[in-house]
Amino acid sequence: PLVGARAPATGLAYDALMLKHGCACGAHAPTHPEHGGRLQSVWARLCETGLAARTERTRARKATLEELQAVHSEAHVAAWAGRAGAGAAAGKAGAEGRAVRLVRLACGGLGVDADTAFSDAHTPPAARLAAGALLDLAVRTARGELRNGFAIVRPPGHHAEPNQAMGFCFFNNVAIAARILHTRLGLQRILIVDWDVHHGNGTQQIFYEDPHVLYISLHRHDDGNFFPGTGAATECGAGAGLGYTVNIAWPGHPPLADAEYLAAFRSIVMPIAKEYDPEIVLVSCGFDAAGGHPAPMGGYNVSAACFAHMTRDLMTLANGKVVLSLEGGYDLAAMCDCAQECVRALLGDRPAAPPLAELARVPAPHAQRALRAAAAAQAPHWPQVKRSVALASASALEAGAARPGCLQSER
Ligand SMILES: O=C(c1ccc(C(O)(O)C(F)(F)F)s1)N1CCn2c(-c3ccccc3)cnc2C1
Ligand SMILES: [Zn+2]
Ligand SMILES: [Zn+2]
């Protein structure tokens, strides 16, 4: 036998230097909901439960300027990658220092916009570490050196556009990893699933014309009245990328929960993902769809068990090569519960079943309408959704009954 050959482990990326990014004013929630305590709490929970000890802790490293420029402009990297970045790119551009203006925030700190605080000393290293930590997990998982992984990182990334920081985001962590898996490892089919309650406008924009990356997002859209307002079902990609953007744009009311998210997975997400047959799955793993997040930062009630079920569903793809990367999530207890259950799923533990009431509940009519709208928009590109969308009008139990043995809990 291969001496010392061990089954590849679940990688866990975390670095305390990412805690230091924040506003000079030093406030946490509610002034600054995206604060270092979010990571601290999740890491503590993974340590207290012994889950961190069952994983392979990977060192976070700063993404290089070249890696950041895989999806971001030189000016953007120069602006947000710190002195090193500013020096290099500014030298080329000739412009002195930061190419973008910071605004004074009501709290007295400085930021890109009213929401996105910036600390000269701590934001660039944290943002580069977040991108680098995920990149290493993704590359090592793609190579089979790791079974799967979870990047416990901040600042988040999915709102960051090629030349625009916004929505707490500076570098698009998941987009950088996906682009580099394609350009450096030659992967041809990379799936990004974004279940953060907010649409990943940056990720969508970056891959809108790229067939090598299929972007599937489930988000509260509210007809465009929920931050950031993008992500309508009719946004399906363009050019060579037509059909490689899938938006499940939820209504604002009623509060959605497991019944709707499980229905989305069995009726739209998994049928398309199986057809695409990705070589790796990256997840923009925000937990702000969980209970405990009142609007405007959520308003839904998805359970920790449901996030674990969605993780397990995705593990049936790409030989189980799934890497979660933290995006949003602000209620500390909810974040810890969700992160814990997702890590347990990645480790191969059987996840707890979602609440029976949710398994038995038929998805809300407004949500069924959203799923039918997504199926209608995608039918030209993914014909099988014309049939699978029928599963959206049944409860998980009824749908499972239709296809025996499909519910995780029956396996
Ligand atoms: O909803 C957002 C989000 C920005 C980033 C969000 C995210 O998608 O959860 C990410 F990127 F962090 F993962 S969600 N914004 C920015 C903050 N915000 C707020 C704030 C609420 C409290 C304090 C400061 C801002 C109200 N509405 C918004 C719009
Ligand atoms: Zn502040
Ligand atoms: Zn969010």
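These values consider heavy atoms only, across backbone and side chains, with no hydrogens, waters or symmetry-generated copies. Numbering of ligands and ligand atoms starts at 1, following listing order.
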Check the side chains of [Y] and [X] for a donor-acceptor pair under 3.5 angstrom, ignoring hydrogens and angles.
X	Y	result
Thr10	Asn148	yes
Tyr215	Asp194	yes
Arg179	His182	no
Gln204	His199	yes
His159	Asn201	yes
Glu275	Gln384	yes

Would you say ligand 1 has an N or O under 3.5 Å from any N or O of [X]?
X	answer
His32	no
Glu34	no
Glu327	no
His159	yes

Note to self: Need one value: angle at the Zn ion (ligand 2), Cys25 atom SG versus His32 atom NE2, rounded to 10 degrees.
What the structure shows: 110°
Notebook entry, point to check: Given SG of Cys107 on one side and SG of Cys23 on the other, what angle do they make at the Zn ion (ligand 2), to 10°?
Noted result: 110°
Proximity to ligand 1 by part of [X], non-hydrogen separation under 4.0 Å:
X	answer
Pro33	side chain
Val197	neither
Cys169	side chain

Next item on the list: Apply the side-chain hydrogen bond (donor to acceptor under 3.5 Å, both in side chains) test between Ser284 and each candidate in Glu327, His158, His219; give the one that qualifies.
Entry: Glu327
Checklist line | Contact check: His158 to the Zn ion (ligand 3), N/O/S below 2.8 Å | finding: no
Check: Strictly under 2.8 Å, is any N, O or S atom of Glu327 next to the Zn ion (ligand 3)?
Finding: no
Near [X], which atoms of ligand 1 are under 4.0 Å from a heavy atom of that residue?
X	answer
Thr31	23 (C), 24 (C)
Asp196	8 (O), 9 (O), 13 (F)
Pro30	22 (C), 23 (C)
Pro296	26 (C), 27 (N)

Ion pair [X]/[Y], N-O distance below 4.0 Å:
X	Y	answer
Asp349	Arg312	no
Arg184	Glu67	yes
Arg45	Asp337	yes

To check your reading of the model: name the closest protein heavy atom to [atom], its residue, and the distance in Å.
atom	answer
atom 5 (C) of ligand 1	Gly167 O, 3.0 Å
atom 25 (C) of ligand 1	Asp115 OD1, 3.5 Å
atom 7 (C) of ligand 1	Tyr330 OH, 3.3 Å
atom 1 (O) of ligand 1	Met297 SD, 3.4 Å
atom 13 (F) of ligand 1	Gly328 N, 3.0 Å

Check: Contact between Gly286 and ligand 1, counting heavy atoms under 4.0 Å?
Finding: no
Note to self: Within the structure, is a non-hydrogen atom of Thr116 found at a distance of less than 4.0 Å from ligand 1?
What the structure shows: no
Notebook entry, point to check: CZ/Arg189 to OH/Tyr244 distance, rounded to the nearest 0.5 angstrom?
Noted result: 9.5 Å
Margin query: If I consider every N, O or S atom in Asp288, which one ends up closest to the Zn ion (ligand 3)? I only need its name.
Written below: OD2
Next item on the list: Report, rounded to 10°, the angle at the Zn ion (ligand 3) between the two atoms ND1 (His198) and OD2 (Asp196).
Entry: 150°
Notebook entry, point to check: Do Arg128 and Phe171 meet the cation-pi criteria used here (NZ or CZ under 6.0 Å from the six-membered ring centre, within 45° of the axis)?
Noted result: no
Checklist line | Residue pair Tyr14 / Gln40: nearest heavy atoms and the distance that separates them | finding: OH-CA, 4.3 Å
Next item on the list: Pick out which of Val283, Thr203, Val281 makes a side chain to side chain contact (heavy atoms under 4.5 Å, CB included) with Ile192.
Entry: Thr203
